[in-house]
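This report refers to the structure that appears directly beneath it.
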Amino acid sequence: DADRDMAALIIKISALAEPIRNEFALRRGKADTKNVFGEEQLVLDKWANQFLKEKLKNTRMVKMLGSEEESDIIKLKDGAVFSVTIDPLDGSSNIESNNLVGTILGIYRDDLPVQGRKQVAALYLLFGPVTTLVYTVGKGVHEFLYTRRGFLLKEADIKLPGRGELYGIGGLRKDWTPGMEKFVEWLEREGYKLRYGGSFTGDFNQTLQYGGIFAYPALSSKPEGKLRLLFEANPMSFIIEQAGGISSNGKMPILDIIPESVNQRTPLFIGNKDL
Ligand code: AHG
Ligand code: MN
Ligand code: MN
């Protein structure tokens, strides 16, 4: 149900999954540089950013690119149709321990930065035991498994289960607000099981599959939380709404936030509506 341009762009992005995955074993260690958020970059963070930038430029379909690893929006091709946001490598602290990582993309027709509600597509690649691609173009959420024959449909029109099973919450517990503490005590009493993996893509994907809630809340040490509105919260919020769920910064829907800067962070609560 995607229009031709959109389908072409998503297919081109899907072809990047294997080359990205192939680098995980080869490009190891720290890059000795920091990104605009003051976070230490891995060799892979920088490589994935350059690789995606170059490949998206080569599509000649992307006018503007926003990346977690860049301080400003980059102009790629005047007059092209789409703007794209990327978290080139999400969950980089999981590289050393060989746990889940992902790549997250948001696609717009508008110029960046703009409200998440303006997204026309969102997708992520999850590099687990199987590489998967999950996308929405605003007509449901669909999941594909990477195989020797390319991506094969695993499930069309994924919806969150009516009652969720899991919760995962980031940040040091001592930095949570009293409200957050209470909420988690309540989740425990209600029988929600803790699962936190340290990669947003992985933690989001398990929320989508089993239902429940993922949060990276405001912390006393980080009042804006940790996750980035444009590169992380917005694409996953588009996907969760399409799967029958909801996301919030604790005050308003994530997708309604009007960004004040490209590199804005936001507290994030995402998952089943009742939670
Ligand atoms: P990134 O690797 O793109 O910088 O993102 C890291 C994020 C996200 O993937 C995860 O939810 C969170 O940081 C984990 O943070 P903690 O290490 O505080 O658990
Ligand atoms: Mn990330
Ligand atoms: Mn990242």
Side-chain angles (χ1 to χ4, degrees), residues 16 20-21 23-24 27-31 33-53 56 65-71 84-106 116 122-128 134 166-176 180 184 194-208 212-237 239-240 247 249 254 262-271:
L16 308 179
I20 292 174
R21 184 170 189 130
E23 298 302 313
F24 293 155
R27 295 178 194 266
R28 313 287 301 176
K30 291 179 181 166
T33 51
K34 288 185 175 171
N35 67 11
V36 60
F37 300 97
E39 299 163 340
E40 281 194 19
Q41 292 174 301
L42 298 185
V43 173
L44 265 171
D45 282 313
K46 293 178 87 167
W47 176 83
N49 183 52
Q50 287 304 336
F51 180 75
L52 282 160
K53 201 188 336 183
L56 289 170
L65 176 70
S67 167
E68 189 185 273
E69 306 301 338
E70 304 276 350
S71 46
V84 177
T85 64
I86 55 175
D87 180 350
L89 179 66
D90 171 61
S92 31
S93 73
N94 276 359
I95 286 289
E96 193 54 34
S97 57
N98 198 27
N99 290 105
L100 297 179
V101 293
T103 297
I104 308 171
L105 299 100
L123 67 142
Y124 61 87
L125 298 166
L126 175 62
F127 302 101
V134 173
L166 305 176
Y167 79 92
I169 296 176
L172 282 175
R173 208 171 179 126
K174 70 177 175 62
D175 291 346
W176 289 353
M180 199 66 215
V184 170
L194 169 64
R195 279 214 204 158
Y196 184 75
S199 122
F200 179 40
T201 314
D203 288 329
F204 175 83
N205 191 66
Q206 72 180 7
T207 309
L208 186 66
I213 185 168
F214 171 82
Y216 209 112
L219 303 175
S220 54
S221 57
K222 294 179 191 153
E224 300 306 318
K226 177 177 185 188
L227 298 179
R228 274 69 41 149
L229 175 64
L230 263 72
F231 312 120
E232 297 171 313
N234 275 339
M236 297 313 205
S237 295
I239 292 172
I240 208 79
S247 78
N249 65 358
I254 292 287
V262 177
N263 300 314
Q264 188 168 333
R265 296 177 193 266
T266 180
L268 174 68
F269 303 84
I270 191 163

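We use all heavy atoms of the structure for the numbers below, so side chains are in, but hydrogens, waters and symmetry mates are not. Both counts, for ligands and for their atoms, begin at 1 and track the order of listing. Predicted, not measured: the structure shown is a model, and the values here were computed from it.
Within the 4.0 Å heavy-atom shell around ligand 1 one finds Leu89. The shell of residues lying under 4.0 angstrom from ligand 1, judged by heavy atoms, includes Gly198.
Contacts with ligand 1 closer than 4.0 Å are made by backbone heavy atoms (N, CA, C, O) of Ser199 only, the side chain lying farther away. Here Asp87 has side-chain heavy atoms under 4.0 Å from ligand 1, and that is the only part of it that gets that close. Neither the backbone nor the side chain of Glu69 comes within 4.0 Å of ligand 1, counting heavy atoms alone.
Per-residue contacts place Glu68 under 4.0 angstrom from the following atoms of ligand 1 (heavy atoms of the residue considered): 1 (P), 3 (O), 4 (O). The Ser92 neighbourhood of ligand 1 comprises atoms 2 (O), with distances under 4.0 Å to a heavy atom of that residue. Annotation for ligand 1: atoms under 4.0 Å from non-hydrogen atoms of Gly91 are 1 (P), 2 (O), 3 (O), 5 (O), 9 (O). Of all the atoms in ligand 1, the ones that sit under 4.0 Å from a non-hydrogen atom of Phe200 are 8 (C), 9 (O), 10 (C), 11 (O). Interface of Glu39 with ligand 1, defined as ligand atoms under 4.0 Å from a residue heavy atom, comprises 4 (O). Annotation for ligand 1: atoms under 4.0 Å from non-hydrogen atoms of Glu232 are 3 (O), 5 (O).
Considering backbone and side-chain atoms alike, Gly171 places every N or O at 3.5 Å or more from each N or O of ligand 1. Looking at ligand 1, you'll find an N or O of Arg228 within less than 3.5 Å of one of its N or O atoms.
Residue Glu68: an N/O/S atom is found under 2.8 Å from the Mn ion (ligand 3). With a cut-off of 2.8 Å, the Mn ion (ligand 3) has no N, O or S atom of Gly91 in range.
Legend: residues meeting ring-ring contact (aromatic ring centres under 6.0 Å, His included) with Tyr167, ordered by chain and number and at least two apart, are absent.
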Please lay out, stage by stage, how Ile95 and Arg28 fare under the test side chain to side chain contact (heavy atoms under 4.5 Å, CB included).
CA-CA 8 Å; Ile95 286 289; Arg28 313 287 301 176; 3.9 Å; yes
Would you sort out whether Phe24 and Asn98 count as a side chain to side chain contact (heavy atoms under 4.5 Å, CB included), showing the intermediate values?
CA-CA 9 Å; Phe24 293 155; Asn98 198 27; over 6 Å; no
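Asp90 has its closest N, O or S atom to the Mn ion (ligand 2) at the position named OD1. Nearest N/O/S atom of Asp87 with respect to the Mn ion (ligand 3) is recorded as OD1. When you scan the N, O or S atoms of Glu232 for the one nearest the Mn ion (ligand 2), you land on OE2.
Ring to ring, Phe204 and Tyr124 are close: their centroids are under 6.0 angstrom apart.
Between Ile270 atom CD1 and Ile213 atom CD1 the span is 9.5 Å, to the nearest 0.5 Å. Distance check, rounded to the nearest 0.5 Å: CG of Leu44 to CG of Leu89 gives 6.0 Å. To the nearest 0.5 Å, atom OH of residue Tyr216 and atom CD of residue Glu224 are 13.5 Å apart. Thr207 OG1 to Ile240 CD1: the interatomic distance, rounded to the nearest 0.5 Å, is 6.5 Å. To the nearest 0.5 angstrom, Asn263 atom CG is 7.0 Å from Ser71 atom OG.
Among Lys46, Lys30, Lys34, the single residue meeting the salt bridge (charged side-chain N to carboxylate O under 4.0 Å, His left out) criterion with Glu40 is Lys30. Each of Thr201, Leu126, Leu227 was scored for a side chain to side chain contact (heavy atoms under 4.5 Å, CB included) with Asp90, with one residue passing: Thr201. Glu69 pairs in a side-chain hydrogen bond (donor to acceptor under 3.5 Å, both in side chains) with only one of the listed residues (Thr33, Asn35, Asn49), which is Asn35. A side chain to side chain contact (heavy atoms under 4.5 Å, CB included) with Leu268 holds for exactly one of Asn249, Leu229, Ile254; it is Ile254.
Across the listed options Phe204, Phe214, Tyr196, Tyr196 owns the non-hydrogen atom lying nearest to atom 19 (O) of ligand 1.
Among protein heavy atoms, atom 13 (O) of ligand 1 sits closest to Lys226 NZ, 3.0 Å. From the protein, the heavy atom lying nearest to atom 7 (C) of ligand 1 is Leu227 CD2, 3.7 Å. Nearest to atom 9 (O) of ligand 1 among the protein's heavy atoms is Asp90 OD1, 2.7 Å. Tyr216 OH, 2.6 Å is the protein heavy atom nearest to atom 18 (O) of ligand 1.
Glu39 CD: more than 12 foreign heavy atoms inside a 6.0 Å radius.
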